[in-house]
Amino acid sequence: MKKTALTGIKPTGLLHIGNYVGAIKPALELARNYDARYFIADYHALNTMKNPGELRASIREVAAGWLAAGLDPERVIFYRQSAVPETFELASFLTAFASKGLLNRAHAYKAAVQENLDRKADPEAGINMGLFTYPILMAADILLFDADLVPVGKDQVQHVEMAQDIAQAVNFNYQAPLLKVPQAALQEEAAVIPGLDGRKMSKSYGNTLPLFAPENQLRKLIMRIQTNSQGVEEPKDPDTSTLFFLYKLFALPEEQEALAARFREGGLGWGEAKAELFRVMNRELAPLRERFNALAADPARLDAILAAGAEKARGPARSTLGRLRKAAGLDW
Ligand code: TRP
């Protein structure tokens, strides 16, 4: 039997190159060899997105994005988290096995508290229980499907470790391997994709390259990538250049070597290097952009794909819950 890979993506706005290279691409690569279940984590998004129109639009945007990037819904079970209500019963079940201390140590929660302290506000100001219990809901997403492998970015590894802890607590209590203990699959190389200003590409820094930006906008944004003030003739170091980092993600090995050599020789201006980055990026993204636009124009088709995925996901979900209810003495 094939092993199961599972991951979720939060529908919190426009997909960008960082999402594509760091999450979507490696997950699709993995789906060749695994029994894959990929879903839109819409209940996780509810923590921060309270506007229904925006949330719905983001869900469709992300779903269309994954499909445009090559997800085949015949081979990958692809669904909305909120369409699999078993997730929420499992999350409730798991709260009884997750210690409050464990959740106190979650990086995202600690960072939110620290931010409050820094501005001398109440430590818990603006922190909802959805943020605090985020790792439990994520553990439920994972454990519901006996996932072996969870491809995630660096910032999510701790959450997968918490899912391990919680699964082990359940298994230990009932002295039975009721829940599979998952492993995180960190895509090292792609873990931190730099944005326009060299910091991690992130919506919150406003430094992203949107994945489906029209060609002209993509070109303009690439021209805005920050570089140092070295002149055309000066030799440049490809290994410390944001531009070259991004280039490597889209260029063929021989293209990478050629551009690195031109960096080192000198005589390559930043403008020319940017035009070359645009060329290779657009070469890969143009067909995706086209598929994305077609899907975006047909929400009924999108919704049908997601509904079919949820239907497939619910069978195994029910069986996991049945197993737990029985073990717990809740099975009548
Ligand atoms: N927390 C993940 C993120 O912010 C999204 C997510 C939700 C997820 N549930 C998951 C990822 C389960 C992997 C497995 O990107």
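Residue numbers run from 1 in the order of the sequence given. Numbering of ligands and ligand atoms starts at 1, following listing order.
Looking at Tyr109 and Glu124, their side chains do bring a donor and an acceptor atom within 3.5 Å of each other.
Of the charged side-chain nitrogens involved, none lies within less than 4.0 Å of a carboxylate oxygen, so that Asp72 and Arg32 do not count as a salt-bridged pair. A salt bridge links Arg325 with Glu89: the closest approach of a Lys/Arg side-chain nitrogen to an acidic carboxylate oxygen falls below 4.0 angstrom. Ion pairing between Lys3 and Asp35 fails under the 4.0 Å rule for side-chain N and carboxylate O.
For the pair Leu218/Phe212, no side-chain contact is recorded, criterion being any heavy-atom separation below 4.5 Å from C-beta on.
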Using a 3.5 Å cut-off on N/O to N/O, what pairs does ligand 1 make with the protein? A line per pair would be great.
from: ligand 1; atom 1: 1 (N); to: Tyr134; atom 2: OH; distance (Å): 2.5
from: ligand 1; atom 1: 1 (N); to: Gln156; atom 2: OE1; distance (Å): 2.8
from: ligand 1; atom 1: 4 (O); to: Tyr134; atom 2: OH; distance (Å): 3.0
from: ligand 1; atom 1: 4 (O); to: Gln156; atom 2: NE2; distance (Å): 3.3
from: ligand 1; atom 1: 9 (N); to: Asp141; atom 2: OD2; distance (Å): 2.7

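Using modelled atom types, one side-chain atom of Gln164 and one backbone atom of Pro182 make a donor-acceptor pair closer than 3.5 Å.
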